[in-house]
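Note that the coordinates shown come from a computational prediction; the quantities given were computed from them, not determined experimentally.
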Amino acid sequence: MARIAVQEAEFDVSAETALLTAGRRDIGAVASFIGICRADDGLAAMVLEHYPAMTERAMQKIAAEAQSRWPLTGCTLIHRVGRLEPGAPIVLVLTASAHRQAALESCAFLMDWLKTKAPFWKREEFTQGAARWVEARAEDDAAAQKW
Amino acid sequence: MARIAVQEAEFDVSAETALLTAGRRDIGAVASFIGICRADDGLAAMVLEHYPAMTERAMQKIAAEAQSRWPLTGCTLIHRVGRLEPGAPIVLVLTASAHRQAALESCAFLMDWLKTKAPFWKREEFTQGAARWVEARAEDDAAAQKW
Amino acid sequence: MQILYFAWVREKIGRAGDDIALPPGVTDIAGLMRHLAALSPGHAAAFANPTAIRAAINQDFARPEDAVTNGDEVAFFPPVTGG
Amino acid sequence: MQILYFAWVREKIGRAGDDIALPPGVTDIAGLMRHLAALSPGHAAAFANPTAIRAAINQDFARPEDAVTNGDEVAFFPPVTGG
């Protein structure tokens with residue numbers, strides 16, 4: 001029931017919302033989250049690498065976990081890969097439910113789990129020419145474990 | 001810094017997201033919530049009435065409260081009025097911040113406060129011809145007070 | 001002073017508002033509700049249970065004990081149900 | 001068996017994977033990491049701190065004590081940083 005995509009292309013939240021709600025009259029709430037590339041510390045671009053054979057499988061498991069915990073009518077997870085410049089959207093999470101609490105909580109849950117349980121890695125390139133792999137953050141692990 | 005609108009027309013979440021993030025490179029997170037009219041119990045339509053002189057003022061106060069509690073770069077609150085049929089979007093809340101927790105929490109906060117502190121009233125019309133004013137729910141008051 | 005009604009308060013009264021002069025001795029929202037309840041059977045029905053009614057003074061939510069004066073715009077309505 | 005590397009693990013080793021036969025005595029992820037670390041200076045650098053490395057067996061996250069067999073696809077990478 002989840003729509004999962006890993007793509008280089010940008011996504012459109014209105015189009016994805018329309019897909020998620022099409023033909024339904026039992027949805028009272030759609031929550032969404034968009035993660036965007038920030039220009040911190042002179043960042044020129046972010047390069048997102050992933051493990052293609054595993055990525056969609058891991059995202060399906062994360063979506064299935066959300067659907068087992070909240071009464072969702074559906075959810076959408078789209079993660080971009082490749083080179084993304086500041087201002088570019090990176091990830092979209094959309095959840096739909098009869099009620100707002102389920103939509104909002106599951107959206108936050110999906111982001112916390114995507115950050116810590118899907119095989120993506122970010123490499124940052126800076127305007128001065130330096131580059132570095134982003135390090136996992138303890139606070140992201142803590143956020144994922146609180147659910 | 002908040003964009004507030006009360007309107008009969010439908011809204012477009014992609015266009016509103018573009019407005020909220022235009023020209024910025026310091027936004028890492030955009031959270032959104034869309035409330036939608038459900039077809040519960042044979043509902044034919046919902047008619048939304050409001051107190052025009054007060055509505056935008058009340059919404060501005062709610063937005064200012066969110067901006068005082070979380071480090072937002074901006075937020076958008078759009079509430080529709082008039083006659084809405086099942087499947088129609090009713091309300092949009094959009095929040096933008098450097099980080100996801102601020103965007104997600106403030107989005108949930110804004111919905112809880114909009115439900116209990118903005119002068120809108122819903123009248124439900126049913127396919128059998130009956131109509132009734134929606135009653136305020138104790139759980140919405142509790143949700144608003146937990147913040 | 002301008003009095004406005006919304007939702008079922010408006011429906012029970014049968015109109016969207018009243019333009020009245022604040023009578024002597026009426027100083028707060030609770031007193032104003034008691035005064036309005038005596039204006040017609042519709043008003044009496046609308047204000048039969050004051051705890052079911054919310055109010056605003058000059059477009060800000062108000063409590064029963066909040067003071068009203070003749071220049072105010074006062075609105076009465078059920079608890080809000082938007083969102 | 002197919003071994004895959006991602007992110008800085010791949011960069012330190014200088015290639016995206018190795019196709020190896022599982023040596024006798026290597027039965028789990030921890031043992032496989034020790035075996036791979038001996039293959040080249042790049043491998044040694046990548047696996048210098050095994051606690052900094054995560055693994056997957058056949059596209060599922062795995063722990064150091066999880067068993068590996070010759071038909072498995074095993075991947076090594078840093079903690080993930082998507083989202």
Side-chain angles (χ1 to χ4, degrees), chain A residues 4 6-7 33-38 46-62 77-82 84 89-93 107-124 131-144, chain D residues 1-20 22 28-29 32-33 36-37 41-83:
Chain A
I4 307 286
V6 180
Q7 62 191 41
F33 180 87
I34 299 174
I36 298 170
C37 180
R38 289 194 314 270
M46 199 168 254
V47 180
L48 268 140
E49 175 174 333
H50 73 125
Y51 177 3
M54 178 176 173
T55 315
E56 294 199 16
R57 175 192 177 93
M59 290 167 77
Q60 286 287 2
K61 287 170 77 172
I62 294 166
L77 307 180
I78 302 179
H79 206 300
R80 295 177 74 190
V81 291
L84 299 172
I90 302 169
V91 60
L92 171 69
V93 170
C107 184
F109 164 85
L110 284 163
M111 270 311 300
D112 284 342
W113 275 39
L114 266 180
K115 283 211 167 251
T116 54
K117 297 176 196 290
F120 293 95
W121 300 274
K122 288 190 187 113
R123 183 178 164 82
E124 295 175 328
R132 70 170 178 221
W133 291 95
V134 173
E135 282 186 47
R137 301 184 319 154
E139 65 195 86
D140 286 336
D141 286 331
Chain D
M1 66 194 303
Q2 195 66 37
I3 312 290
L4 300 173
Y5 308 120
F6 294 97
W8 58 251
V9 177
R10 174 179 49 71
E11 285 189 338
K12 289 191 188 209
I13 292 173
R15 55 179 182 259
D18 284 300
D19 193 355
I20 65 163
L22 193 64
D28 61 15
I29 289 289
L32 183 55
M33 282 203 271
L36 293 168
H43 287 79
F47 290 103
N49 178 10
T51 64
I53 308 271
R54 300 291 176 270
I57 301 173
N58 300 322
Q59 300 92 45
D60 277 320
F61 287 107
R63 294 157 303 177
E65 65 271 27
D66 285 339
V68 293
T69 60
N70 237 322
D72 291 337
E73 174 177 295
V74 178
F76 294 100
F77 41 75
V80 303
T81 57

[X], part contacting chain A, at a heavy-atom distance under 4.5 Å:
X: D:Arg54; result: neither
X: D:Asp60; result: both
X: D:Ala56; result: side chain

Legend entry - D:Arg63, CZ: over 12 other non-hydrogen atoms inside 6.0 angstrom: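 It does not: D:Arg63 CZ has 12 such atoms or fewer within range.
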Inset, instruction - Would you indicate whether A:Gln60, at its atom CD, is surrounded by more than 12 heavy atoms from other residues, nucleotides or ligands within a distance under 6.0 Å? - result: yes
Inset, instruction - Give the ring-plane orientation class for A:Trp121 versus D:Phe6, where under 30° counts as parallel, over 60° as perpendicular and anything between as tilted. - result: parallel
Inset, instruction - Over 60° means perpendicular and under 30° means parallel, so classify the ring planes of D:Phe76 and D:Phe47, tilted if in between. - result: perpendicular
Inset, instruction - Check whether any side-chain N or O of D:Asn58 sits under 3.5 Å from a backbone N or O of D:Glu73 as a donor-acceptor pair, and report yes or no. - result: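 The answer is yes, because a donor-acceptor pair under 3.5 Å joins these two groups.
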Inset, instruction - Against chain D, work out which of A:His79, A:Arg80, A:Met46, A:Lys122 has the most heavy-atom pairs shorter than 4.5 Å and name it. - result: A:Lys122
Legend entry - Choice from A:Arg137, A:Glu135, A:Lys117 maximising heavy atom contacts with chain D below 4.5 Å: A:Lys117
Legend entry - Side chain / backbone / both / neither for A:Ala53 at chain D, heavy atoms under 4.5 Å: both
